[in-house]
Number of protein chains: 2
Amino acid sequence: MTRTREAVLALLQRTRQPLSATEIFDRLHQEKVAIDLVTVYRTVHVLKELGLVLQLDLHQEGLSRYELKEGRKHHHHIRCQICGQIVDLLLCPLKKVTKLIEQQTQFIVDDHTLEFTGLCPQCQ
Amino acid sequence: MTRTREAVLALLQRTRQPLSATEIFDRLHQEKVAIDLVTVYRTVHVLKELGLVLQLDLHQEGLSRYELKEGRKHHHHIRCQICGQIVDLLLCPLKKVTKLIEQQTQFIVDDHTLEFTGLCPQCQ
DNA sequence: ACCTTATTGCAACTTTATTGCAAATACCAT
DNA sequence: ATGGTATTTGCAATAAAGTTGCAATAAGGT
């Protein structure tokens with residue numbers, strides 16, 4: 001664990017929203033932390049491998065976002081199509097469905113992604 | 001409707017799997033249909049606007065895929081992590097959940113994406 | 001056939017992400 | 001602390017997906 005990685009981790013800890021690589025880069029530079037964009041990519045990759053961070057690929061965003069996994073329960077997201085705000089959904093209705101799918105398709109399911117989009121209260 | 005657009009549409013009609021822009025380009029060229037990659041992108045965009053085609057952004061693929069919407073019911077997908085095969089799931093367990101989310105978050109939900117990944121019968 | 005409008009191809013460009021390599025930093029044993 | 005090894009970082013170059021501007025071509029109506 002280097003100071004650069006600590007800085008990325010600390011940023012993710014104090015940020016509610018899942019951040020993209022560019023956002024991590026920009027925010028750290030605002031805080032006078034010198035970090036290369038390549039290092040951001042490599043760092044989130046390492047943190048993901050270590051199981052500390054989750055990678056999110058939200059529909060039609062065309063980029064990856066990263067959020068802290070540490071101590072968080074399995075959850076999903078809803079994104080506002082106007083302002084881009086991302087809110088956590090502390091539910092998952094897919095346990096039974098997963099079993100049904102395994103029966104119907106003969107796949108072994110090992111993951112799923114679920115995301116909602118819509119209009120947040122402010123943008124309605 | 002031009003012959004180029006007909007060719008893309010016809011390809012999507014006879015293909016089971018959702019295709020990426022590059023795949024559409026490659027397959028049409030194999031069939032001696034001269035089409036520019038840019039035109040593929042513009043065509044699928046138009047077909048999407050017309051409501052004929054659905055855009056899929058599957059998790060961690062890093063590209064968009066397109067499938068025919070025409071006459072198909074709302075559905076989701078499961079993708080094999082080994083061979084990349086994509087199979088349709090003719091179910092959607094999210095109607096009640098959507099209402100719950102609208103109550104909890106005050107968002108107006110207008111869409112969702114749901115995708116499963118795992119191992120297909122052949123790759124297990 | 002003619003004229004207008006929409007579509008296509010080419011080239012250049014944008015954005016997100018990855019790779020190679022040399023320099024800098026962290027870690028460990030002494 | 002000091003030195004040596006392995007890891008990490010920054011820079012430059014590159015890759016891949018997708019977009020934009022513009023001139024040339026094709027489509028459609030009268």
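Quick caveat, the model's predicted, so the values are computed rather than measured. Throughout, protein chains are lettered first and strands after them, A, B, ... in sequence-line order, and every chain is numbered starting at 1.
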Which whole-number value in Å describes the distance from E6(B) CD to dT8(C) P? 11 Å
Give a yes or no on whether the backbone of I35(B) and the side-chain of H29(B) come within a donor-acceptor separation of less than 3.5 Å. yes
Here's a test for you: under salt bridge (Lys or Arg N to Asp or Glu O under 4.0 Å), which of K73(A), R72(A), R16(A) qualifies with D88(A)? R72(A)
Near-strand residues of residues 7-31 of chain B, defined as heavy-atom separation under 4.0 angstrom from DNA chain D: none
Closer to the 5' end of DNA chain D via nearest nucleotide, is it V38(B) or D36(A)? D36(A)
Can you tell which of H59(A), R79(A), H76(A), H77(A) makes a side-chain hydrogen bond (donor to acceptor under 3.5 Å, both in side chains) with E115(A)? R79(A)
Report the distance from atom OG1 of T43(A) to atom CG of L12(A), rounding to the nearest 0.5 Å. 10.0 Å
To check you understand the geometry: which heavy-atom pair defines the closest contact between P93(B) and L94(A), and what is its length? CG-CD2, 4.0 Å
Round to a whole Å and report the spacing from CG of L37(B) to C1' of dT14(C). 15 Å
Could you tell me whether a side-chain N or O of Q104(B) sits under 3.5 Å from a main-chain N or O of L89(A), the two making a donor and an acceptor? no
Taken to the nearest whole Å, CZ/R5(A) to P/dC27(C) is 10 Å
Heavy atoms only, 4.0 Å cut-off, all strands: where does I35(B) land among base, sugar-phosphate and nothing? sugar-phosphate
Can you tell me the distance, in whole Å, between the CG atom of L63(A) and the P atom of dT18(C)? 12 Å
Any donor and acceptor pair, going by atom type alone, linking the side chain of Q13(B) with main-chain N or O of L68(B) inside 3.5 Å? no
Residues in contact with DNA chain D, drawn from residues 39-57 of chain B - heavy-atom cutoff 4.0 Å: Y41(B), R42(B)
Assign each of M1(B) and G62(B) to its nearest nucleotide of DNA chain D by heavy atoms, then name whichever residue's nucleotide is nearer the 5' end. G62(B)
Does R3(A) have a side-chain nitrogen or oxygen under 4.0 Å from the phosphate oxygens OP1 or OP2 of dT9(D)? no
Once you round to the nearest 0.5 Å, how far does CG of L19(B) lie from CZ of F25(B)? 14.0 Å
Tell me if the NE2 atom of H45(A) is crowded by more than 12 foreign heavy atoms within 6.0 Å. no
dT15(C) P sits how many Å from R65(A) CZ, rounded? 16 Å
Would you please confirm or rule out a distance under 4.0 Å between OP1 or OP2 of dT9(D) and any side-chain N or O of T4(A)? yes
Using a cut-off of strictly less than 4.0 Å, decide whether S64(B) has a side-chain nitrogen or oxygen near OP1 or OP2 of dA17(D). no
